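Everything on this sheet refers to the single structure shown next.
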Amino acid sequence: MLDLITSPLRRLGHATINAVWRLGFASRFLLAILANSGQSLLRLQLTIREMYFAGVMSLIIIVVSGLFVGMVLGLQGYTTLVKFGSADALGAMVALALLRELGPVLAALLFASRAGSAMTAEIGLMKTTEQLDAMSVMAVDPIARVIAPRFWAGVISMPILAALFNVVGVFGGYLVGVVMIGLDAGTFWSQMQGNVDLHYDVINGIVKSLVFGVAVTLIAVFEGYDATPTAAGVSAATTRTVVTSALAILALDFVLTAFMF
Amino acid sequence: MKRSTIDLWVGIFVALGIAAVAFLSLKVANLTPQSASQTYVVYADFDNVGGLKAKAPVKEAGVLVGRVADIRLDPKTYRARVAMNIDKQYQLSDDVSASILTSGLLGEQYIGLQQGGSETNLAAGGTITITSSAMVLEQLIGKFMTGFTGKDASK
């Protein structure tokens, strides 16, 4: 009977301690990556290879999603704005929604599920097959050789992907608003240019995506490095990457938005 | 170190990213390289600026001639002092009048300038003396209501 009450409490306590322990380990892990970055930046080839897998291979999903998000924004924005007789503001609405929120956030969510999960699975499998230990035995630091290039590749790729998402999204809004519905193209662009501020909207959006890039990539490489070296452990780590990244992106987005705008 | 196709793809990827940021800053955000040297400042005092904000357009005959630089309360007169950056290519007469207008029913507020007949130009740093305030809907309704009840009482 007593066990029925204490068991959930014990589990909660255990989960809390485990979470704090992992947070501490992740912080030390980030410092280790930063300390070992010199080597990975000197041997750029490693980082470029990872940028190919994380960035270039994510292009298709980013571009297609961006186009459709932009088109939906155009359609939804038009049906709402036309009620207030201000359909002319469609360009500004699409651009602001994309640059401030949807571009960085959706690109980061897609990046976490496309590239982050792959990074976790790859590093987790390397750990399971004892490749990381083998490197250590050969006096090759796995953090410098495997983790740091992936980290920097993710951090560099994320803002690029978010910027491309924004551009394609704006084009999608143009496609629906101007080509399909028939708004005036000049008004579409001039309203956009009149209401979008370079510093507040463009630069802050890029800063946001950079922060998301750091968060998502760190979670991905950390979960892989920390994975239990079994098949089930790697799959659990991959799931945790997607879930934790999504929550981290949304929470960070709230904090950053409160700071910036 | 050999060149590989991966380098090419990553190169294209990075170039696309740079192009995207350039597109966003030039085409979407309209990065106007309007430096302070191409504009001069004039001031105008208003009783009420309504919803006017910094960067709001300043228009003359519907043409954009400048932007609102700064709005602050004058501590002596308790009126709103609006600083405007006017493009150097446009000259204002010294009896120009400024009024706060609204574009459309739900549109943003802007300053409309109306040139006077004077031959002399307003100097940089000068103040526009003839101003009319923003229309505040609540005041308008209030006036209408008092006018309405007044008429009712006289009947």
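Side-chain atoms are counted along with the backbone in the values below, which use heavy atoms only and exclude waters and symmetry mates. Protein chains get the first letters and strands the later ones, always in sequence-line order, with residue 1 at the start of each. What you are looking at is a predicted structure, and each value in this text was computed from that prediction instead of being measured.
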Practice task
Please step through side chain to side chain contact (heavy atoms under 4.5 Å, CB included) for the pair I160(A) and L16(B), ending with a clear verdict.
Solution key: CA-CA 8 Å; I160(A) 298 180; L16(B) 273 177; 5.7 Å; no
Exercise for the section: Would you indicate whether the side-chain heavy atoms of M51(A) and V14(B) approach each other to under 4.5 Å? Expected result: yes
Exercise for the section: Determine whether D7(B) and Y52(A) make a side-chain contact, defined as any pair of heavy atoms from C-beta on separated by less than 4.5 Å. Expected result: no
Problem - Gap separating the CG atom of L24(B) from the CD1 atom of I203(A), nearest 0.5 angstrom - result: 10.5 Å
Completion exercise
Honestly, the part of I206(A) sitting under 4.5 Å from a heavy atom of chain B is side chain
Practice task
Decide yes or no for V10(B) and R49(A): does some side-chain heavy atom of the first lie under 4.5 Å from some side-chain heavy atom of the second?
Solution key: no
Exercise for the section: Using non-hydrogen atoms and a 4.5 Å limit, figure out which bit of I156(A) sits close to chain B: side chain, backbone, both or neither. Expected result: neither
Problem - Audit row: L161(A), F13(B), side chain to side chain contact (heavy atoms under 4.5 Å, CB included) steps and yes/no - result: CA-CA 9 Å; L161(A) 290 173; F13(B) 175 62; 3.5 Å; yes
Completion exercise
Cut-off 4.5 Å, heavy atoms of chain B, and the answer for L164(A) is both
Completion exercise
d(W9(B) CH2, L59(A) CG) to nearest 0.5 Å is 9.0 Å
Practice task
Would you indicate whether Q76(A), at its atom CD, is surrounded by more than 12 heavy atoms from other residues, nucleotides or ligands within a distance under 6.0 Å?
Solution key: no
Handout entry: Under 4.5 Å from a heavy atom of chain B, the part of D197(A) involved
Key = both
Fill in the blank from the handout: Taking every heavy atom of A163(A) against every heavy atom of G17(B), the minimum-distance pair comes out as CB-O, 4.5 Å
Practice task
Indicate the atoms forming the closest heavy-atom contact of K27(B) with Q193(A), along with that distance.
Solution key: O-NE2, 2.7 Å
Practice task
For chain B, find which of A89(A), P159(A), S157(A) contributes the most heavy-atom pairs closer than 4.5 angstrom.
Solution key: S157(A)
Handout entry: Residues, nucleotides or ligands: over 12 heavy atoms within 6.0 Å of Q91(B) CD
Key = yes
Practice task
Please indicate whether Y200(A) has more than 12 foreign heavy atoms, meaning atoms of other residues, nucleotides or ligands, lying under 6.0 Å from its OH.
Solution key: no
